[in-house]
Amino acid sequence: QIKLVESGGGSVQVGGSLTLSCVASGYVVSDYSLSWFRQAPGKEREGVACVGGDGRSTYADSVKGRFTVSRTGQKDIIILQMSNLQSEDTAMYFCAAGPYGSPSLDGVEFLYWGQGTQVTVSS
C-alpha cells in the first residue's frame with residue numbers, strides 16, 4: 001500500500017509563505033496522481049492542487065497565482081509552495097494519491113491519504 005507523510009506546516013502571518021512537502025512510498029507511485037487537499041474545522045474538504053501521473057497540474061481558483069505544486073526526485077515527493085497566505089488558507093493540509101494519470105481535485109478519486117499538517121495564518 002502507498003504511504004504518504006506530510007511535513008512543513010506551521011504558523012505564519014498574513015502575507016507570509018510556507019512550503020509543504022509530502023513523501024510517498026510504496027508501489028506504482030510514478031503512475032499515480034499526487035494532490036493536496038485542505039480542510040478547516042466546520043468546513044468541507046477542498047482540493048488545492050494536483051500533479052497527474054502524466055505530469056500535468058491543476059489548481060483551485062482560490063490559490064492560483066499564489067501556490068505552486070511540483071513533483072521531485074523519482075516522482076515520489078510532491079511540494080506545495082505557498083505565498084501571500086491569507087486567513088482563509090488556515091486548514092489542515094492533506095496529501096493524497098490516486099490511480100489516475102490526469103490531474104484532479106475530486107477527493108473521491110483518491111484512495112490513499114496522509115495524516116495531514118496544520119497551516120495557521122494569523123493577522
Side-chain angles (χ1 to χ4, degrees):
Q1 189 176 56
I2 294 177
K3 180 181 179 181
L4 304 168
V5 180
E6 305 96 334
S7 63
S11 298
V12 65
Q13 291 184 320
V14 170
S17 301
L18 282 175
T19 298
L20 306 183
S21 299
C22 173
V23 178
S25 60
Y27 48 87
V28 298
V29 170
S30 62
D31 295 333
Y32 278 36
S33 293
L34 294 177
S35 300
W36 287 99
F37 291 81
R38 65 187 182 186
Q39 187 168 26
K43 298 182 179 180
E44 64 183 20
R45 181 183 61 196
E46 62 177 340
V48 177
C50 176
V51 180
D54 58 9
R56 295 183 297 152
S57 62
T58 190
Y59 296 87
D61 289 340
S62 60
V63 305
K64 287 181 178 178
R66 300 189 299 119
F67 291 10
T68 301
V69 65
S70 61
R71 292 173 74 168
T72 65
Q74 302 301 314
K75 299 183 179 180
D76 57 355
I77 301 175
I78 184 168
I79 305 295
L80 185 67
Q81 297 173 288
M82 306 183 293
S83 62
N84 192 24
L85 285 162
Q86 305 298 309
S87 60
E88 294 80 11
D89 297 315
T90 295
M92 184 73 74
Y93 283 70
F94 298 90
C95 181
Y100 303 97
S102 59
S104 174
L105 297 180
D106 186 351
V108 301
E109 298 183 5
F110 292 85
L111 304 178
Y112 306 97
W113 296 81
Q115 294 300 306
T117 184
Q118 179 68 38
V119 173
T120 302
V121 185
S122 60
S123 300

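We count residues from 1, following the sequence as given.
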[X] to [Y] - nearest heavy-atom pair and separation:
{"X": "R45", "Y": "Q39", "answer": "N-NE2, 3.6 Å"}
{"X": "A60", "Y": "G47", "answer": "CB-O, 3.4 Å"}
{"X": "P103", "Y": "C50", "answer": "CA-SG, 3.6 Å"}
{"X": "S57", "Y": "V69", "answer": "CB-CG1, 4.1 Å"}

Nearest-0.5 Å distance, [atom1] of residue [X] to [atom2] of residue [Y]:
{"X": "S35", "Y": "W113", "atom1": "OG", "atom2": "CH2", "answer": "8.0 Å"}
{"X": "S122", "Y": "Q13", "atom1": "OG", "atom2": "CD", "answer": "6.0 Å"}
{"X": "S70", "Y": "Q81", "atom1": "OG", "atom2": "CD", "answer": "5.5 Å"}
{"X": "L4", "Y": "L34", "atom1": "CG", "atom2": "CG", "answer": "7.0 Å"}

Side-chain heavy atoms of Y59 within contact of L105, under 4.5 Å: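 SC-SC contact between Y59 and L105 ruled out.
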Any side-chain heavy-atom pair of S21 and S7 under 4.5 Å: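 Yes; the side chains approach each other to less than 4.5 Å.
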Shared hydrophobic cluster for [X] and [Y] (ILVMFWY, side-chain gaps under 4.5 Å):
{"X": "I2", "Y": "L111", "answer": "yes"}
{"X": "F67", "Y": "I77", "answer": "no"}
{"X": "I79", "Y": "V48", "answer": "no"}
{"X": "V5", "Y": "Y32", "answer": "no"}

Residues L20, M82; criterion side-chain contact (heavy atoms from CB on, under 4.5 Å); working and verdict: CA-CA 8 Å; L20 306 183; M82 306 183 293; 3.7 Å; yes
Which residues share a side chain to side chain donor-acceptor pair (under 3.5 Å) with K3, sequence neighbours left out: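 For K3, no residue satisfies side chain to side chain donor-acceptor pair (under 3.5 Å) once neighbours in sequence are set aside.
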With R56 via side chain to side chain donor-acceptor pair (under 3.5 Å) - residues at least two apart: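 If we apply the side chain to side chain donor-acceptor pair (under 3.5 Å) test to R56, skipping adjacent residues, the hits are D54.
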Flag, side chain of Q1 to backbone of G26, donor-acceptor distance under 3.5 Å: no
Short side-chain to backbone donor-acceptor contact, S33 and S102, under 3.5 Å: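 Between the backbone of S102 and the side chain of S33 there is a qualifying donor-acceptor contact (under 3.5 Å).
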Aromatic plane relationship, F37 with F110 - under 30° parallel, 30 to 60° tilted, over 60° perpendicular: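 Rings of F110 and F37: perpendicular, as their planes differ by over 60°.
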Side-chain donor-acceptor pairs under 3.5 Å in residues 84-95, sequence neighbours left out?
{"from": "N84", "atom 1": "OD1", "to": "Q86", "atom 2": "NE2", "distance (Å)": "3.0"}
{"from": "Q86", "atom 1": "NE2", "to": "N84", "atom 2": "O", "distance (Å)": "3.0"}
{"from": "D89", "atom 1": "OD1", "to": "R38", "atom 2": "NH1", "distance (Å)": "2.9"}
{"from": "D89", "atom 1": "OD1", "to": "R66", "atom 2": "NH2", "distance (Å)": "3.1"}
{"from": "D89", "atom 1": "OD2", "to": "R66", "atom 2": "NH1", "distance (Å)": "2.8"}
{"from": "D89", "atom 1": "OD2", "to": "R66", "atom 2": "NH2", "distance (Å)": "3.4"}
{"from": "D89", "atom 1": "OD2", "to": "Q86", "atom 2": "N", "distance (Å)": "2.8"}
{"from": "T90", "atom 1": "OG1", "to": "S87", "atom 2": "O", "distance (Å)": "3.2"}
{"from": "T90", "atom 1": "OG1", "to": "V121", "atom 2": "N", "distance (Å)": "2.9"}
{"from": "T90", "atom 1": "OG1", "to": "V121", "atom 2": "O", "distance (Å)": "3.3"}
{"from": "Y93", "atom 1": "OH", "to": "R38", "atom 2": "NH1", "distance (Å)": "2.9"}
{"from": "Y93", "atom 1": "OH", "to": "D89", "atom 2": "O", "distance (Å)": "2.7"}

